[in-house]
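Notes follow once the structure below has been shown.
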Amino acid sequence: MNKKLTSPNDIPSGLSQPALRALANAGLTNLEQISKLSLKEFKNLHGIGPSAVKPIQEALEAKGLSFSE
């Protein structure tokens with residue numbers, strides 16, 4: 001069974017399965033939760049690669065959010 005982790009208007013839908021699993025394993029289900037991480041912490045999640053960083057950053061910016069300092 002291949003379930004995709006998506007929030008209606010939060011987590012970008014084009015993320016890879018490893019990136020989606022990384023978010024799920026960290027208990028991150030929306031952009032507000034992700035914004036509480038620093039960019040370094042986000043990149044250190046197992047399964048988050050360079051291709052996941054840009055769409056998450058763009059989605060955060062679109063909602064007026066950013067990674068923490």
Side-chain angles (χ1 to χ4, degrees):
M1 188 157 139
N2 190 3
K3 277 179 122 178
K4 289 198 176 207
L5 172 71
T6 55
S7 291
N9 49 13
D10 253 0
I11 305 293
S13 61
L15 294 180
S16 68
Q17 287 302 309
L20 292 172
R21 281 193 299 272
L23 295 176
N25 290 338
L28 301 168
T29 60
N30 61 53
L31 291 173
E32 188 173 330
Q33 293 171 333
I34 293 171
S35 73
K36 294 179 181 171
L37 300 176
S38 69
L39 179 57
K40 183 178 179 179
E41 290 170 323
F42 180 71
K43 287 180 175 180
N44 283 336
L45 293 175
H46 181 73
I48 297 295
S51 63
V53 174
K54 185 175 180 177
I56 290 291
Q57 279 184 311
E58 290 172 352
L60 286 169
E61 289 172 10
K63 287 215 147 215
L65 299 169
S66 64
F67 289 107
S68 71
E69 296 298 317

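Since this is a predicted model, take the numbers as computed values, not measurements. All values below were derived from every heavy atom in this structure, side-chain atoms included, with hydrogens, water molecules and symmetry-related copies excluded.
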Checklist outcome for this item: Between Leu15 and Pro55 the two heavy atoms that sit nearest each other are CD2-CG, 3.8 Å
Checklist entry - side chain to side chain contact (heavy atoms under 4.5 Å, CB included) between Leu28 and Ile11: does it pass, once the steps are laid out? => result CA-CA 9 Å; Leu28 301 168; Ile11 305 293; over 6 Å; no
Next on the checklist: Could you work out, with side chain to side chain donor-acceptor pair (under 3.5 Å) as the rule, every residue matching Gln33, not counting sequence neighbours?
Outcome noted: Thr29
Item to check | Ser35 side, atom OG; Ile56 side, atom CD1 - distance, nearest 0.5 Å | outcome: 11.0 Å
Item to check | Nearest atoms (heavy-atom pairs only) where Glu41 meets Leu37 | outcome: OE1-CA, 3.3 Å
Item to check | Within-4.5 Å side-chain heavy-atom neighbours: Val53 and Leu39 | outcome: yes
Next on the checklist: Looking at Ser68 and Ser38, would you say the former's side chain and the latter's main chain have a donor-acceptor pair under 3.5 Å?
Outcome noted: yes
Checklist entry - Can you find a pair of side-chain heavy atoms, one from Asp10 and one from Ile34, that are under 4.5 Å apart? => result no
Next on the checklist: If I take atom CG from residue Leu31 and atom NZ from residue Lys36, how far apart are they, to the nearest 0.5 angstrom?
Outcome noted: 12.0 Å
Checklist entry - Side chains of Lys40 and Phe67: closer than 4.5 Å at any heavy-atom pair? => result no
Checklist entry - CD/Gln57 to CG/Leu65 distance, rounded to the nearest 0.5 angstrom? => result 12.5 Å
